[in-house]
There are 2 protein chains.
Amino acid sequence: MENRGASLDTAFHALADPTRRAVIHRLMTGPKAVKELAEPFDMGLPAFLKHLRVLEDSGLIATGKSGRVRTCSIRPQRLLEVETWLSEQRALWRAGADRLAAYVENQMTEDDDA
Amino acid sequence: MENRGASLDTAFHALADPTRRAVIHRLMTGPKAVKELAEPFDMGLPAFLKHLRVLEDSGLIATGKSGRVRTCSIRPQRLLEVETWLSEQRALWRAGADRLAAYVENQMTEDDDA
DNA sequence: ACTATAGTTTGCCAATCGGTGAACCAAGTG
DNA sequence: CACTTGGTTCACCGATTGGCAAACTATAGT
């Protein structure tokens, strides 16, 4: 059951890096080989492979080797879990906000500045 | 413009920790003082304050002091930005899946024709 | 004024992170 | 076969993280 917390840990951690988010983004349009994926980034292959490993360990992507080329593809489920957690939290907030709005209507002026 | 990337960095990073996610969760039902927030966690106050600072720097929460008590509240906007990024990615994926489905369907009808 | 409370700062620590270069496979290719 | 290509592993590095204990500040209660 608390598996879920751990997978959120790794998923959020994986997404907390611009390189890895860019990889996710580029994989959304279809699977790609490691070299093709790595090409736009200014770093060596070992560093890039580490990023891929973080992504794979988090369950956000899947990779498989055929011949000497490793192909990476997205795994939408894990991304959905993250989205689900977020929307659950926001639903909770909405409930509270609704309760509050029924009581004090003009408290939200603070929210405007940010 | 690319401020957005940086704020996603810090937001995802902030969420990549169970303690911090729990703080977010508990704040969803309304603002709380630091001590009240810290109470369920098995760590010293300094460590907990570091977590709060990470959350505040990420823009996920806001804190303010009145008297000697610092009160923390949620900031839904940043959370929404994260959700937005995720749903954008998924939309991209959907588009690809739809393209594939259309392609497959097209192939099938062509097979039908032939 | 004294004391308990709520928070803050400082210095320290081990573990993890993001990167490097160099050496090393293993699979295609001429 | 020799050689290139795509990926992998290894040892190392500086910076950041997440925790601690201890000393400190400032408000609130009596």
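Letters A, B, ... are given to chains in the order of the sequence lines, protein chains preceding strands, and every chain is numbered from 1. In this text the structure is predicted, and so the values were computed from the model without any measurement.
The residue among A:Gly67 and A:Thr19 whose nearest nucleotide of DNA chain C is located toward the 5' end is A:Thr19. Mapping A:Arg53 and B:Ala47 onto DNA chain D by nearest heavy atom places A:Arg53 at the nucleotide closer to the 5' end. Positionally, the nearest nucleotide of DNA chain C for B:Val69 lies more toward the 5' end than for the other of B:Val69 and A:Asp17.
Taking only distance into account, the side chain of B:Lys50 meets the base of D:dG19 through a donor-acceptor pair shorter than 3.5 Å. You won't find any donor-acceptor pair under 3.5 Å spanning the side chain of B:Arg68 and the base of C:dA6, going by distance alone.
Rounded to whole Å, atom C1' of C:dG19 lies 15 Å from atom CZ of A:Phe41. Per the geometry, CG belonging to A:Asp9 stands 16 Å off P belonging to D:dT17, to the nearest Å. In this entry the distance linking CG of A:Leu15 with P of C:dC17 reads 15 Å, nearest Å.
Between B:Val34 and B:Leu37 there is no side-chain heavy-atom pair separated by less than 4.5 Å. Residues B:Cys72 and B:Leu52 meet the side-chain proximity criterion, which asks for heavy atoms closer than 4.5 Å.
Side-chain proximity of A:Leu45 to the nucleotides D:dG19, D:dT8, D:dG18 is greatest for D:dT8. Closest to the side chain of A:Met43, from the set C:dT8, C:dT20, D:dT8, is C:dT20. Considering only side-chain atoms of A:Pro46, the nucleotide from C:dT10, C:dT20, C:dG19 that sits closest is C:dT20.
Aromatic ring pairs are classed by plane angle as parallel below 30°, tilted from 30° to 60° and perpendicular above 60°; the pair B:Phe48 and B:Phe41 is parallel.
If you check every strand for non-hydrogen atoms under 4.0 Å, B:Arg20 touches sugar and phosphate atoms only.
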